[in-house]
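In what follows, chains carry the letters A, B, and so on, assigned in the order in which the sequence lines appear, proteins first and then strands, with residues in each chain numbered from 1.
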2 protein chains.
Amino acid sequence: MNIGEAAGRAGVSAKMVRHYESIGLLHPRRLENGYRVYAEPEIAVLRFIRHARELGFPMEDVRRLLALWRDRRRASAEVKRLALDHVAALEEKAAALQAMARSLRHLAAHCHGDGRPDCPILDELETGRMPGEAPAPPDCCGT
Amino acid sequence: MNIGEAAGRAGVSAKMVRHYESIGLLHPRRLENGYRVYAEPEIAVLRFIRHARELGFPMEDVRRLLALWRDRRRASAEVKRLALDHVAALEEKAAALQAMARSLRHLAAHCHGDGRPDCPILDELETGRMPGEAPAPPDCCGT
DNA sequence: GTGGGGGTTCCCATCATGGGAAGGTCAAGG
DNA sequence: CCTTGACCTTCCCATGATGGGAACCCCCAC
């Protein structure tokens with residue numbers, strides 16, 4: 001099977017298949033003309049990578065997960081630790097994004113949103129203060 | 001004021017100050033020796049940029065917000081639209097991250113996490129199926 | 001005049017992915 | 001047999017925002 005078909009069956013782009021190979025995640029056989037050849041085990045690896053990426057694992061974690069997957073003597077504790085560390089990272093990022101969304105939604109709620117120029121959103125960006133917030137004392141934290 | 005002091009007062013790195021200049025967000029005067037010179041208006045711009053970045057706006061939005069901020073005849077509706085579009089983007093990203101976290105947490109909850117090798121997390125990465133989920137019909141969607 | 005702490009430009013790296021050029025290969029069909 | 005088109009190969013470049021670092025210049029205090 002050529003790279004195009006393999007990529008299609010695994011649900012990733014041929015470009016990324018080459019990339020995964022270049023970082024050492026799989027090692028397809030080559031024909032004499034240089035073409036890469038894939039069979040079921042390689043497809044399985046590519047699908048594994050895709051699923052891990054869909055769960056947001058960075059490539060470095062994917063590499064470790066692949067190694068654990070291949071190691072029949074792995075301890076599931078290791079996999080679980082990797083997963084839970086990643087869950088913590090995901091939740092931290094999600095919380096940060098939601099905090100931004102909440103602040104900005106609050107600001108937007110105070111903005112007329114009409115033809116007039118005054119706008120608490122721009123005010124906040126200028127001053128770093130939310131609408132109605134007390135001015136910082138003059139020697140505050142450098143903002 | 002030199003770039004180091006300006007960066008410190010605005011709460012950004014000197015490196016980023018130069019970068020913001022390179023993409024046209026500010027245009028500090030230069031001394032004969034090539035040094036950049038900053039005064040209060042530039043500091044205000046840098047703080048504005050920092051606050052917008054802290055709310056997660058991409059630089060392209062920051063550029064637009066800066067233009068609106070400088071335009072005393074702006075319509076606050078434009079600012080509000082930018083802000084609410086960004087809120088939607090933030091919430092979409094946050095939701096995606098949380099969905100990943102939820103799936104992964106669910107998988108991890110089913111993993112013994114001990115010295116044994118069997119692990120529903122690896123199983124899901126291999127098959128794309130959550131624990132207990134029915135096998136897909138043989139001609140399913142290519143996964 | 002020298003040392004140290006700035007400043008300047010330029011290049012490279014991140015992370016995962018895509019775009020595209022230049023060229024080789026293969027299969028089908030006229 | 002030759003063309004055409006689809007596919008493959010490698011290599012370079014770009015993203016977005018940021019940091020690291022080299023090589024070099026400048027200024028002030030001692």
Side-chain angles (χ1 to χ4, degrees), chain A residues 1-39 42 45-66 86 89-90 92-93 96-97 100, chain B residues 1-39 42 45-66 86 89-90 93 96-97 100 125:
Chain A
M1 178 172 16
N2 279 346
I3 195 170
E5 190 184 347
R9 296 219 7 230
V12 303
S13 70
K15 205 98 186 188
M16 289 315 296
V17 174
R18 291 193 196 94
H19 178 62
Y20 297 148
E21 177 183 349
S22 81
I23 62 175
L25 301 189
L26 70 168
H27 307 283
R29 209 163 52 83
R30 297 280 186 134
L31 295 179
E32 289 183 356
N33 59 18
Y35 283 24
R36 293 166 177 86
V37 181
Y38 301 86
E42 284 82 30
V45 167
L46 291 173
R47 285 184 179 149
F48 184 100
I49 296 171
R50 172 164 69 88
H51 295 144
R53 292 290 303 138
E54 285 169 356
L55 286 172
F57 282 103
M59 290 309 301
E60 213 28 59
D61 285 9
V62 175
R63 180 193 305 279
R64 292 193 197 106
L65 288 166
L66 262 176
H86 181 50
L90 287 169
E92 192 174 338
K93 274 191 208 167
L97 294 179
M100 294 175 189
Chain B
M1 176 173 16
N2 280 347
I3 196 171
E5 190 183 349
R9 295 218 9 228
V12 302
S13 69
K15 205 102 187 187
M16 290 316 295
V17 175
R18 293 194 195 94
H19 177 63
Y20 296 148
E21 177 183 348
S22 82
I23 62 176
L25 300 188
L26 70 169
H27 307 282
R29 209 164 51 83
R30 298 277 187 136
L31 296 179
E32 290 182 356
N33 59 18
Y35 282 24
R36 294 166 177 85
V37 182
Y38 301 87
E42 283 82 33
V45 168
L46 291 172
R47 284 182 180 152
F48 184 100
I49 296 171
R50 172 162 70 87
H51 295 144
R53 291 291 301 136
E54 285 169 356
L55 286 171
F57 283 103
M59 291 309 300
E60 213 29 61
D61 284 9
V62 174
R63 181 193 305 278
R64 293 195 196 105
L65 288 166
L66 263 176
H86 180 51
L90 287 169
K93 271 191 210 168
L97 294 179
M100 293 174 190
L125 292 175

Query raised in the report: When rounded to the nearest 0.5 angstrom, what is the spacing between CG in B/L97 and NZ in B/K93?
Result: 9.0 Å

**Report entry** A/L25 side chain near A/M59 side chain, heavy-atom distance below 4.5 Å
**Finding:** yes

Query raised in the report: Rounded to whole angstrom units, what separation is found between the CD atom of B/E60 and the P atom of D/dA14?
Result: 18 Å

Query raised in the report: Do B/R18 and B/R36 have side chains that get closer than 4.5 Å, going by heavy atoms?
Result: yes

Query - B/H19 NE2 - D/dG19 C1' separation (whole Å) - result: 12 Å

Report task. Working to the nearest 0.5 Å, report the span between CZ of A/R53 and CG of A/D61. Result -> 10.0 Å

Query raised in the report: Do A/V17 and A/E21 come close enough that some side-chain heavy atom pair is under 4.5 Å?
Result: no

**Report entry** Close side-chain approach of A/L55 and A/L90, heavy atoms under 4.5 Å
**Finding:** no

Requested in this report: Consider the side chain of A/N2, meaning its heavy atoms from C-beta on, and name the nucleotide among D/dG21, D/dT10, D/dC8 that approaches it most closely.
Outcome: D/dC8

**Report entry** Check: A/L26 and A/Y38 side chains under 4.5 Å, non-hydrogen atoms
**Finding:** yes

Requested in this report: Specify the residue among B/S13 and A/R30 whose closest nucleotide of DNA chain D lies further upstream toward the 5′ end.
Outcome: A/R30

**Report entry** Any donor-acceptor N/O pair, B/R63 side chain to B/G24 backbone, under 3.5 Å
**Finding:** no

Between protein and nucleotides 23-30 of chain D, what N or O pairs are separated by less than 3.5 Å?
{"from": "D/dC27", "atom 1": "OP1", "to": "B/N33", "atom 2": "ND2", "distance (Å)": "3.2"}

Query raised in the report: Could you give the start and end, 5' to 3', of the contact zone on DNA chain C for chain A, using atoms under 4.0 Å from its heavy atoms?
Result: C/dA16 to C/dC26

Requested in this report: May I ask you to decide if B/N2's main-chain N or O and B/E5's side chain share a donor-acceptor pair within less than 3.5 Å?
Outcome: no

Report task. Would you indicate what B/R18 reaches in the nucleic acid, counting non-hydrogen atoms under 4.0 angstrom: base, sugar-phosphate, or nothing? Result -> base

Report task. Please confirm whether the backbone N or O of B/R47 pairs with a side-chain atom of B/R9, one donor and one acceptor, at under 3.5 Å? Result -> no

Report summary line: Rounded to whole Å, the NZ-P distance (A/K15 to D/dC7) equals 16 Å

Query raised in the report: Per the end-axis method with five pairs at each terminus, what is the bend angle of the helix from C/dG1-D/dC30 to C/dG30-D/dC1, to 10°?
Result: 40°

Query raised in the report: Which sits closer to the 5' end of DNA chain C, A/F57 or B/A14, going by the nucleotide each is nearest to?
Result: B/A14

Requested in this report: Using a 4.5 Å cut-off on heavy atoms from C-beta on, say whether the side chain of A/I23 contacts that of A/H19.
Outcome: yes

